[in-house]
Amino acid sequence: MTGRVRAAAAGARRQLTRAGPAVLVLAAAGGVWELVTRLAGVPAWLLPAPSVIVLAFVEALPQLGRHTASTMLETGIGYGAALTAAFVIAALIDQSSLARRALAPLLVTSQTIPIFALAPLLAIWFGFGMLPKIIIVALVCFFPIAVSLAGGLRNADPDMQALVRSMGAGRRQVFFKVKLPSAAPSLLSGMKIAASYSVIGAVIGEWVGASQGLGLYMLRASNSFQTARVFAVIAVIAALSVGMFLAVDVLGRRVAPWAYVRTEEVGP
Amino acid sequence: MSSARPALRLTGVSKTYAAAGAAPVAALRGVHLEVRRGAFVSLVGPSGCGKSTLLGLIAGLDEPSAGSIEIAAGAAAGASGVAYMPQRDLLLPWRTVMQNATLGAEVGGGDRAQARRRARELLPAFGLDGFENALPHTLSGGMRQRAALLRTVLLGRPLLLLDEPFGALDALTRGQMQEWLLEVWARLAASVLFVTHDVEEAVWLSDRVYVMTRRPGRVKLSVDVDLPRPRERRMRAEPAFAAVEQRLLEALLAEAGEPPRGASCGTRAQEHPP
């Protein structure tokens, strides 16, 4: 038990050392920003100093919790919906060439729809509740997940599939025992891309009309020239996006550890 | 026993691939071949002669265009009598050695617990003792190949199809694996059809060696190897061994039709231990 704790501590230390340079750059940029705004006397509504932003964050903390929770919920549900839909579509495309010809063009088209144009329409159709935000998150996340999964399924080693078929496996078994695990590395990279966009999707949805959420909160702050608060919310959104990304990464390592191993092929 | 039906009999097997917008390609034309029960039979031939196509047909991955393939039935009801081991080890990278080895029982709806028990029994003989929970990428090339063979053996089918299983191994490992394979084969009492490029390997392991022609492949020559079993390393130096090897090499080189004939024979001759 202590060994595991020690190993975890060592791991955390390693992470810190690795993150060191990035943290340094960030700190230096913050320092310059602080100095410039103070020395030049830039007004806080135009560009607040980092210290002012931190204060604004602390001040906003009681309200931030509620809005953050709402945005996170929309993001989570939308992401889950996208994952489910992408799984179904990618499996269909993989199993049937008719489905591929019918659905692949739609897949690309789904990505060409400008979300900014769609968001107000969704608000008109579905009101100011969570549903339109969830739909936007799902739309944003669906494409990278579906494309990466379909690609991963297509690239599964045909020899491995032949081997399992020679053992008497049917289509279903080939799909679940060979193709899906083979597609895991590709699927995970698509899921990470989707995760890093997902929060922004929810915020855009909230922007065009919402009763709560970080997008709404930021819009209010912006309209009342509380620029420091806008920056504080931006920081929260960034942190949530990074959190989503890391969550997928951690989950991926747990569920599909082989996807993180570089396998060197033995043989021709 | 040996007068019973053979483990495998191919009669006039042909395979032609239809190519889009071009003349169809004949990969195999009229292959006759037989593997007696319990025999170790090798198949040598120039690259691209359709050896792998032939194994694919026997493994039931594809249908022959003409001819018949008779396979003695497997012990398990409904199962085909053939266990196929392709050229690459094709261990599933997300499965441990044990999970890979018992894949057949899992896919074929066999008794998984029994497969695991049998795998555990065989692990030491396959040099994999203590590695049952290792993932394939942590194993050496020889170990991966042995794990793949364990998976093949555990299918429990009377005929093993081995497609150049040692092709990617270094010479030393390869030599060890050949001796080991003979031991395992003697213990399992299975019939083997073994594809290789290496004539010396074929002679040393086999009761009979078939030479195939260039594409479209058919059997050009079959030679029985009358060396006693168990085979020993020193037999490679015996004149009978060299004579068989020479005959096969000549047939094969005539098929390859390329100049390196003298050089190749020279190196081969030097390889024999004194």
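Not measured: the values here are computed from a predicted model.
For B:E121, the CD atom is densely surrounded, since the number of other residues' heavy atoms within 6.0 Å is greater than 12. Annotation for B:Y17: atom OH counts as buried by contact number, over 12 foreign heavy atoms lying within 6.0 Å. The number of heavy atoms from other shown groups lying within 6.0 Å of CZ (A:F175) is above 12.
Closest heavy-atom contact between A:D159 and B:L90: O-CD1, 3.5 Å. When every heavy atom of A:A169 is checked against every heavy atom of B:V107, the shortest pair comes out as CB-CG1, 3.2 Å.
Under the side chain to side chain donor-acceptor pair (under 3.5 Å) criterion, B:Q176 pairs with no residue at all, not counting sequence neighbours.
The distance from atom CE of A:M167 to atom CZ of B:R157, rounded to the nearest 0.5 Å, is 8.0 Å. The distance from the OG atom of A:S166 to the CD1 atom of B:I58 is 12.5 Å, given to the nearest 0.5 Å. Distance check: A:K177 NZ to B:L92 CG gives 10.0 Å after rounding to the nearest 0.5 Å. How far CG of B:L91 is from CE of A:M160: 7.5 Å, rounded to the nearest 0.5 Å.
When each of B:M85, B:R151, B:R88 is paired with A:L163, the side-chain contact (heavy atoms from CB on, under 4.5 Å) condition holds for B:R151 and for no other.
Listed by first then second residue, pairs satisfying ring pair (Phe, Tyr, Trp, His ring centres under 6.0 Å) with a partner in residues 91-119 of chain B read A:W258-B:W94, not counting sequence neighbours.
The contact between B:E106 and chain A is made by backbone and side chain atoms together, counting heavy-atom distances below 4.5 Å. If you measure heavy-atom distances from B:L135 to chain A, you find no contacts under 4.5 Å at all.
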